[in-house]
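So the structure is just underneath, and the comments pick up after that.
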Amino acid sequence: MNPRKRPEDLRSHRWLGVADMRSFGHRSRLRQIGYDADDWQGKPVIGIINTWSEINPCHAHLRARAENVKRGVLQAGGFPIELPAISLSETFVKPTTMMYRNFLAMETEELLRSHPIDGAVLMGGCDKTTPGLVMGAVSMGLPAIYIPAGPMLRGNWNGQYLGSGSDVWKYWTEKRAGNITEDDWDEIEGGIARSFGTCMVMGTAATMMAITEALGLSLPGASSIPAADSNHPRMCGQTGRRIVDMVWEDLTPAKILTPAAFDNAIKVHMAMGGSTNAIIHVVAMARRAGVPVDMERFDQLSRQIPVLANVRPSGKYLMEDFFYAGGLRALMQNLREKLDLNCLTVTGNTVAANIEGAKVHIPDVIHSLNDPVYAEGATAVLKGNLAPNGCVIKPAAADKRFLKHRGKAIAFEDYNHMMREIERDDLDVTPDHILVLKNAGPKGGPGMPEWGMLPIPKRLLGQGVRDMIRISDARMSGTSYGACILHVAPESFVGGPLAFVQTGDEIEIDVGKRSIHLHVSDTELARRKAAWKKPAPKYPRGYGALFSEHIGQADQGCDFDFLAPLGAIPEPEIH
Ligand code: FES
């Protein structure tokens with residue numbers, strides 16, 4: 001560990017501690033806000049990057065929680081400054097929050113760089129906020145600690161527990177099939193989201209919050225605490241106290257985010273039965289940290305790590321149950337022989353110390369390595385002539401008969417084409433067909449929307465069909481399920497092989513062999529490629545144009561080409 005910093009070593013000292021005209025200006029303006037020299041003199045300035053907003057129900061409590069953080073910072077002798085950042089409400093932001101993950105990453109990095117900040121508290125949780133905050137903080141490199149918003153309470157309807165997203169898809173399908181009434185649907189709408197906090201199934205939010213804790217960037221156990229539980233504000237106060245010491249210790253993300261830490265995080269992802277979206281985000285976060293992680297690493301580790309968390313959509317329970325069962329510390333305790341216990345974390349201690357004494361209280365919620373929920377991990381990466389750079393499936397959430405399957409394609413050129421066709425009563429489709437959606441990738445969507453769980457065609461719903469193979473270059477919500485093959489790379493919009501699939505082509509999937517093959521000859525594929533016309537970009541100007549120009553492919557983490565490279569950016573000049 002480095003010797004503790006002195007006050008004159010603080011980054012903020014350049015703004016506040018120098019006897020020149022500019023520092024006079026900074027200090028006089030702090031006095032204008034109502035602060036005194038006692039508030040800042042010789043103290044680390046802690047930037048609280050808060051993604052609260054009135055349009056994000058998952059973060060509705062973060063406005064109040066920031067006050068808990070500030071109390072902790074003040075108790076530990078720091079000077080807290082709250083800096084609002086884009087909220088990225090998964091439900092409301094269109095066309096998709098994935099368009100704005102890198103925006104938040106850029107905003108986080110530049111908020112920290114451009115202000116007199118010595119350490120950061122990152123407050124988020126709703127899907128893209130976690131990777132966005134972490135990517136930006138990692139690139140800036142200041143000591144940083146992440147506060148997960150925590151899952152909302154269980155949903156409730158007619159005495160049944162409802163899970164975010166998962167039960168929406170389920171009951172929407174039943175409504176389309178005529179099995180529930182409008183009144184039922186209205187009651188479900190009123191019961192599915194009972195408190196502030198993130199989706200409470202093992203969706204992208206719960207997965208990314210757990211992954212970030214497993215990386216060592218949160219206090220132990222923080223990611224499992226329900227948003228409405230009083231443990232949550234207490235954890236926020238503890239985080240505020242801890243970040244001040246992290247600044248004095250100069251405990252930066254670079255000291256925490258090692259290859260072993262990323263392996264731990266991927267293993268936890270597998271054991272949680274986590275969202276497929278996490279693959280993209282972890283690859284992007286690792287690249288920011290200079291750690292080479294690719295999709296193959298997920299596949300390798302998925303073969304070694306069974307699913308232990310019995311949480312929807314691939315399991316039975318909800319995140320509230322997971323907390324009562326012992327939470328992430330207990331899961332990591334059950335997984336300890338697979339983890340690198342020597343990894344350093346924000347506590348200044350190792351993973352071993354952080355999970356010491358953790359116990360599983362409800363074994364049916366957190367299983368053991370000897371009695372897993374699924375013997376193999378949550379995610380498989382397939383490759384073949386249809387996806388030369390890979391694609392992803394969540395086998396645990398799919399009907400097992402589709403894990404080895406050959407069928408005829410029904411190809412949709414884009415989302416609108418798909419939505420028109422899917423409702424047709426005369427669509428020529430059987431349960432063995434394979435639905436293919438094009439132009440839904442990083443550039444084609446754009447933003448790789450969560451369209452990957454294509455609806456079951458109406459004609460099959462009436463026959464009781466609830467799963468079939470669907471292939472796309474889109475993503476899928478972590479709350480979704482089914483035999484959905486996602487993230488096909490390269491995407492169709494840039495001329496990946498998916499662009500050349502035609503209705504009637506045969507496609508063969510073998511998850512055991514990790515293969516995906518389009519049974520069309522190379523000659524015929526070359527002919528189709530020669531006749532293919534690149535679609536026009538959707539955005540002539542603005543952020544959408546910048547996004548389309550610079551976004552990378554799914555297997556590379558979908559970062560911007562100008563944000564991903566390593567290398568120091570000069571500190572801002574103060575004059
Ligand atoms: Fe925010 Fe699901 S909508 S986490």
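The figures that follow rest on heavy atoms only: side chains count, while hydrogens, waters and symmetry mates do not. In each ligand, atom 1 is the first atom listed, and ligand 1 is the first ligand listed. Here the structure is a predicted model, which means the values were calculated and not measured.
Residue pairs meeting the ring-ring contact (aromatic ring centres under 6.0 Å, His included) criterion with at least one partner in residues 121-162, sequence neighbours excluded, are Trp157-Tyr171. Among pairs with a residue in residues 206-216, those fulfilling side chain to side chain donor-acceptor pair (under 3.5 Å) read Glu213-Ser223, at least two apart in sequence or across chains.
Looking at residues two or more places apart in sequence or on another chain, you find a side chain to side chain contact (heavy atoms under 4.5 Å, CB included) between Ser195 and Met152, Leu153, Ala228.
Salt-bridge annotation for Glu182 and Lys175: present, with a side-chain N of the basic residue lying under 4.0 Å from a carboxylate O of the acidic one. By the 4.0 Å N-to-carboxylate-O rule, Arg63 lies close enough to Glu82 to be salt-bridged with it.
Listed by chain and number, the protein atoms of type N/O/S under 2.8 Å from atom 1 (Fe) of ligand 1 are Cys58 SG, Cys126 SG; waters are omitted.
The minimum heavy-atom distance between Leu122 and Thr108, with the atom names listed, is CD2-CG2, 4.2 Å.
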